[in-house]
Chemist: 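Mind looking over this structure? Questions follow.
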Amino acid sequence: MANLEPRYDHNAIEGKMYELWEKSGYFNPDNLPVSRVKGQGSRRRRGSPRVVGVKSFTIIMPPPNANGSLHVGHAVFVTLQDILIRFWRMRGRKTLWLPGADHAGFETQVVYDKKLDKEGRNRYQIPREELWREIWNFTQESKKVMERQLRKLGASCDWSREKFTLDQNIVREAQSTFARMHEDGLIYRGERIVNWCPKHQTSLSDIENQFREQVDSFYYLKYGPFTIGTARPETKFGDKYVVMHPSDERYKKYKNGEKINLEWINGPITATVVKDKVVDMKFGTGVMTITPWHDAADFEIAERHGLQKEQIIDFNGRLLPIAGEFAGMKISEARPKIIEKLKAKDLLVKVDEEYLHNVRVCYKCGTPIEPQIRKQWFVRMTAPPHAQGQKSKVKSQKSGKALRDLGIEAVKSGKIKFFPKNAEKIYFHWLREIRDWNISRQIVWGIRIPAWFCLGCEETKINPKIKSRWFIVRHGETDYNKQNRFQGAIDIPLNETGIAQARESAKKLRNKKIDLIITSPLIRARQTAEIIAKECGAEIIVENDIRERSFGEWDGMEHDEVKKKYSAESFSRHLDPSFRVPGGASWEEITTRMWNAFQKHHAIHRHKNVVIVGHGGVARTLQNKIKGIPIIESKLAGNAEIWELELADPCPKCGGHFYEQDPDVFDTWFSSGQWPFLTLGFQEAKSSSMSKVKSQKLKVKSDFDMFYPTDVMETGHDILFFWVARMIMLGLYRTGKIPFKTVYLHGLVRDKDRQKMSKSKGNVIDPLGVAEIYGTDALRMALVVGNTPGSDIVISEEKIRGYRNFATKIWNIARFVLMNKPESGVMGHRSGNIVPTTEDRKNLKQLAKIKFEITKHIEKFEFHLASEKVYHYIWHTFADKIIEKYKPRLRHVDIQESFAPSGRQAKKNLADQAAAYQTLETILIGSLKMLHPFMPFITEEIYGKLHSDGLLMVENW
RNA sequence: GCGUCCUUAGCUCAGUGGUAGAGCGUCACAUUGACAUUGUGAAGGUCGCAGGUUCGAUCCCUGCAGGACGCACCA
């Protein structure tokens with residue numbers, strides 16, 4: 001039995017210890033012994049028999065965002081969850097803690113945008129696939145860092161089951177939830193008002209906004225016979241409805257629908273009176289004009305009354321042509337100028353400069369949200385589909401209940417319990433007021449929405465079977481391109497840039513399993529085709545009918561030359577469908593020629609992946625024919641630019657084969673909201689017996705059966721709505737079962753002055769840094785003692801240091817006990833013959849009582865009480881009282897030497913010494929067990945010194 | 001506006017229907033001990049204010065004051 005080193009060196013122990021645990025395989029519930037019977041194997045020495053197996057205990061780890069390193073908030077969840085996991089593992093449950101990482105769509109996009117910004121780049125310049133790849137690599141790196149950090153914090157999670165939100169099967173299943181919900185009418189695509197962040201160029205959900213209180217000017221404007229109030233004069237250009245409460249006596253004489261001619265910012269308009277009871281008669285003048293495109297409330301009024309909606313501000317936050325002379329200006333620039341003009345026109349009645357109101361801002365960058373109307377996907381939260389007058393196709397949901405009601409009932413019925421309990425009230429309050437959830441995000445980083453639109457008629461198909469892909473590629477650059485010359489029928493080869501461009505495109509097409517390349521006969525196209533063919537190994541067909549349009553006399557001329565020689569006017573007509581340059585062809589003729597050729601090949605090669613190498617004219621023609629875009633509005637493809645078309649079964653509405661996928665991605669929370677069942681490999685029960693047999697063979701299937709519903713969802717209260725509520729609703733919707741039985745919410749970590757931690761304040765505690773200095777065990781204790789559910793956690797370096805001292809204390813207790821172990825010979829001849837004294841029995845009884853209390857505390861999620869109790873017992877009872885009291889008994893040997901008692905007395909002393917030691921060792925082991933979930937490293941290390949062949953981690957609690 | 005919570009020692013926070021606890025800090029003494037420190041002890045609180053219920057309230061109820069947070073379409 002080795003004695004302990006004089007000091008506990010956490011840095012020397014922790015890494016090795018984690019490795020030992022991980023190697024043992026016990027993080028994986030499948031490796032936990034099914035029954036650990038006394039005496040079985042050398043590992044077990046003490047403890048009672050027990051049977052493990054049927055009952056599981058599961059926590060799905062809230063997946064940290066794979067875009068940075070862990071902060072102290074992560075350390076909180078690791079500590080609390082690891083306490084539960086280690087506790088229940090020791091109590092014999094089949095315990096699974098499933099780790100993961102979140103791609104964190106928008107958040108990561110924001111982080112990456114900042115990185116790009118530093119490098120002088122921005123995401124709008126980078127092709128989608130390239131940007132995706134970059135961010136992918138970035139998140140994979142972050143993920144590795146994060147995994148290392150979780151290990152450092154002692155997380156005893158099952159790495160063999162680790163998941164990433166972008167794992168293929170996770171993505172597939174998340175998308176299939178979307179498909180099911182769409183079928184069930186719980187997801188719809190609508191032209192609705194959304195929260196648009198002009199900086200991030202994406203819409204956001206209602207909870208991804210914050211309200212910022214600010215003082216602005218509030219303007220009273222003369223609007224015909226009325227005075228209206230507004231804080232946003234720049235939106236007022238299109239206001240042609242004036243709204244008032246139907247029972248407002250002041251405006252009794254105006255009838256609903258009445259037209260009034262009046263002078264407005266940019267001239268005379270006709271306004272229509274609308275009566276609606278949302279108007280607050282007490283606010284301002286009780287009359288308002290509305291801007292349905294840029295205000296959610298106004299939008300709803302417009303919907304109710306069937307009013308027109310007009311966009312005033314573009315997606316970059318600049319005024320549109322409707323603003324007349326102000327068009328193109330940013331809001332901040334335009335506002336004072338508009339006011340000036342209103343003043344000049346005598347339309348400004350008065351200004352209240354002290355108007356205090358709440359402005360909705362982007363929660364990431366603080367930019368004011370600009371409500372905009374966009375066609376997006378929404379999750380229907382409230383009414384079941386049939387109540388919306390939509391044909392119900394509900395199959396999977398027996399109940400057909402609204403998601404919101406599923407969420408409310410699960411908690412109301414007590415199936416899901418919250419700690420702290422009052423979180424339930426907050427949860428209900430939010431759900432009662434919930435609105436439909438916009439899940440479309442206009443960013444690259446995320447799970448692509450599995451919706452395709454028919455290019456012919458915009459018909460939507462969810463998850464269609466894409467049978468093949470066609471890639472329309474323009475040739476690379478020629479000298480004529482560079483010189484801005486019409487090239488038409490003139491046969492010019494690629495220049496060096498053109499060759500490089502063609503190679504770039506070829507690289508992108510390399511992995512697309514290209515079967516066939518069809519090219520125009522002109523040399524610039526053929527060269528491009530050959531470069532692609534070399535890379536993709538596909539056969540080339542030359543198709544004469546997709547050669548470029550001839551511009552007749554213009555061919556070979558520079559654009560400016562044409563303008564000079566003919567006229568700017570005729571030059572500008574070169575996109576008119578019927579216009580023809582003498583000796584050339586019109587767009588109409590070209591379109592027919594190319595489309596016929598295209599259709600001919602389509603009929604034959606539809607099921608192949610095809611590259612069509614042509615000219616600007618091909619791209620224009622196909623945009624016109626496939627998407628219905630007039631030639632004049634069609635976009636000229638760049639040199640060697642690729643346009644991807646996806647081919648599926650013919651559209652039931654228009655017969656078209658061509659589809660394009662929605663470019664948007666899901667709100668991250670749509671996929672993380674499915675996390676519990678996605679990570680456990682949920683698969684819908686298939687009706688055919690074939691697939692049943694198949695799925696039974698899959699380990700993932702049994703994971704779902706074994707571990708779902710999970711036991712505890714432990715996370716921060718700040719994501720109650722973002723995450724917890726969505727998991728409950730989506731879990732119930734998809735699996736018919738609650739995703740977890742208990743929700744435990746922890747608070748925000750603050751410094752010792754109750755300040756929020758932030759980098760700018762410089763009060764951030766780096767969990768890994770302090771773990772390095774004081775040990776992970778000390779950090780964990782500091783995070784759990786005094787941490788009541790739901791309320792904020794106060795932590796300071798002093799507190800952590802205090803628990804480092806505690807670790808030292810335990811180490812010394814163990815050192816002391818081991819130091820006093822009687823020599824093996826003495827013990828040996830006495831073993832089995834030790835008679836505990838009354839004092840021993842009293843102390844052991846007390847240990848049992850404390851252990852009972854701690855068990856109850858953990859079961860009731862009272863970690864702050866359990867940890868404090870174990871701390872006090874070990875330090876102030878075991879060390880200060882019991883050990884002090886036992887010292888004389890352990891020193892009988894010394895007494896024997898100095899006073900040479902009789903043989904009988906010596907024997908009696910030795911027996912008492914052995915009993916004293918035995919008691920202390922029992923209390924020590926009991927203490928180590930109780931403390932293990934909180935301070936796993938030091939307890940395991942000491943336990944190892946006592947029992948070199950067993951792991952405390954799987955000892956019987 | 002709606003909702004949730006908090007107010008207890010100098011600081012940060014636990015806690016209980018029966019005249020209050022911890023950590024840190026302060027003070028005194030002891031200790032080189034198993035202890036890169038620790039032990040023993042002390043000082044320090046009409047448990048936000050005012051009512052009510054109760055034999056008894058810091059705890060339950062009502063009101064008020066202050067604070068924190070969440071939600072929200074007042075133009």
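Chain A is the first sequence line, chain B the second, and so forth, proteins listed ahead of strands; every chain is numbered from 1. Hydrogens, waters and symmetry mates play no part in the numbers below; they use all other heavy atoms, side chains included. Since the structure is predicted, the reported quantities are computational estimates derived from the model, not experimental observations.
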Chemist: Between B/U4, B/A34, B/A22, which nucleotide gets closest to the side-chain atoms of A/Ile426?
Modeler: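 Given the options B/U4, B/A34, B/A22, the side chain of A/Ile426 is closest to B/U4.
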
Chemist: Judged by modelled atom types alone, do A/Asp239 and A/Tyr223 share a side-chain donor-acceptor pair under 3.5 Å?
Modeler: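 Looking only at side-chain atoms, A/Tyr223 and A/Asp239 do not form any donor-acceptor pair under 3.5 Å.
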
Chemist: If you check every side-chain atom of A/Arg435, which of B/C73, B/C71, B/A75 has the closest atom?
Modeler: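 Nearest to the side-chain atoms of A/Arg435, counting from C-beta on, is B/C73.
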
Chemist: Consider the side chain of A/Phe283, meaning its heavy atoms from C-beta on, and name the nucleotide among B/A75, B/C5, B/U40 that approaches it most closely.
Modeler: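 Closest of the options to the side chain of A/Phe283: B/A75.
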
Chemist: Is the closest basic N to carboxylate O distance between A/Arg889 and A/Glu839 below 4.0 Å?
Modeler: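 So A/Arg889 pairs with A/Glu839 through a salt bridge.
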
Chemist: Quick one: does A/Lys809 reach the base of B/C35 with a side-chain donor-acceptor pair under 3.5 Å?
Modeler: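 Checked by distance alone, the answer is yes.
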
Chemist: Less than 4.0 angstrom between a side-chain N/O of A/His864 and OP1 or OP2 of B/G15, yes or no?
Modeler: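 Indeed, a polar side-chain atom of A/His864 lies that close.
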
Chemist: Out of B/U37, B/C73, B/A75, which has the shortest distance to the side chain of A/His357?
Modeler: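 Nucleotide nearest to A/His357's side chain: B/A75.
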
Chemist: Suppose we define a pair by two distances each less than 3.5 Å, Watson-Crick or G-U wobble; what does B/G21 pair with here?
Modeler: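 B/C13 is the nucleotide pairing with B/G21.
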
Chemist: Regarding B/A34, can its base be found pairing with the side chain of A/Lys887 as donor and acceptor, where the two atoms are less than 3.5 Å apart?
Modeler: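 Side chain to base: pair present.
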
Chemist: Which listed nucleotide (B/A75, B/G23, B/G15) is nearest to the side chain of A/His876?
Modeler: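 Out of B/A75, B/G23, B/G15, the nucleotide with an atom closest to A/His876's side chain is B/G23.
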
Chemist: A side-chain contact here means heavy atoms from C-beta on lying under 4.5 Å apart; do A/Leu924 and A/Leu946 qualify?
Modeler: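 A side-chain contact under 4.5 Å exists here.
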
Chemist: Among the nucleotides B/G70, B/G15, B/U4, which one has an atom lying closest to any side-chain atom of A/Lys425?
Modeler: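 Closest nucleotide to the A/Lys425 side chain: B/U4.
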
Chemist: Centre-to-centre under 6.0 Å for A/Tyr803 and A/Tyr774, is that the case here?
Modeler: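 No, too far apart.
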
Chemist: Side chain of A/Asn812 only, heavy atoms from C-beta on: which candidate in B/A34, B/A75, B/G70 is closest?
Modeler: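 Of the candidates, B/A34 comes closest.
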
Chemist: Within 45° of the axis and under 6.0 Å from the centre of the six-membered ring of A/Phe721, does NZ or CZ of A/Arg726 qualify?
Modeler: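 Judged by the rule (NZ or CZ under 6.0 Å from the ring centre, within 45° of its axis), A/Arg726 is not positioned above A/Phe721.
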
Chemist: Write down the partner of B/G51 under the Watson-Crick or G-U wobble criteria, each distance required to be under 3.5 Å.
Modeler: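 Its partner is B/C61.
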
Chemist: To the side chain of A/Tyr871, which of B/C73, B/C71, B/G23 is closest?
Modeler: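 My answer, after comparing the listed nucleotides, is B/G23.
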
Chemist: Scan every strand shown for a Watson-Crick or G-U wobble partner of B/C29, both distances under 3.5 Å, and answer none if you come up empty.
Modeler: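 Base partner found: B/G39.
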
Chemist: Please determine if a side-chain N or O atom of A/Thr285 lies less than 4.0 Å away from the OP1 or OP2 oxygen of B/A75.
Modeler: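 Result: no.
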
Chemist: With the side chain of A/Asn805 defined as its heavy atoms from C-beta on, choose the nearest nucleotide among B/A72, B/U40, B/U37.
Modeler: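 Selected nucleotide (nearest to the side chain): B/U37.
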
Chemist: Between the base of B/A14 and the side chain of A/Glu862, is one N or O donor paired with an acceptor at under 3.5 angstrom?
Modeler: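 Flag unset: no donor-acceptor pair detected.
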
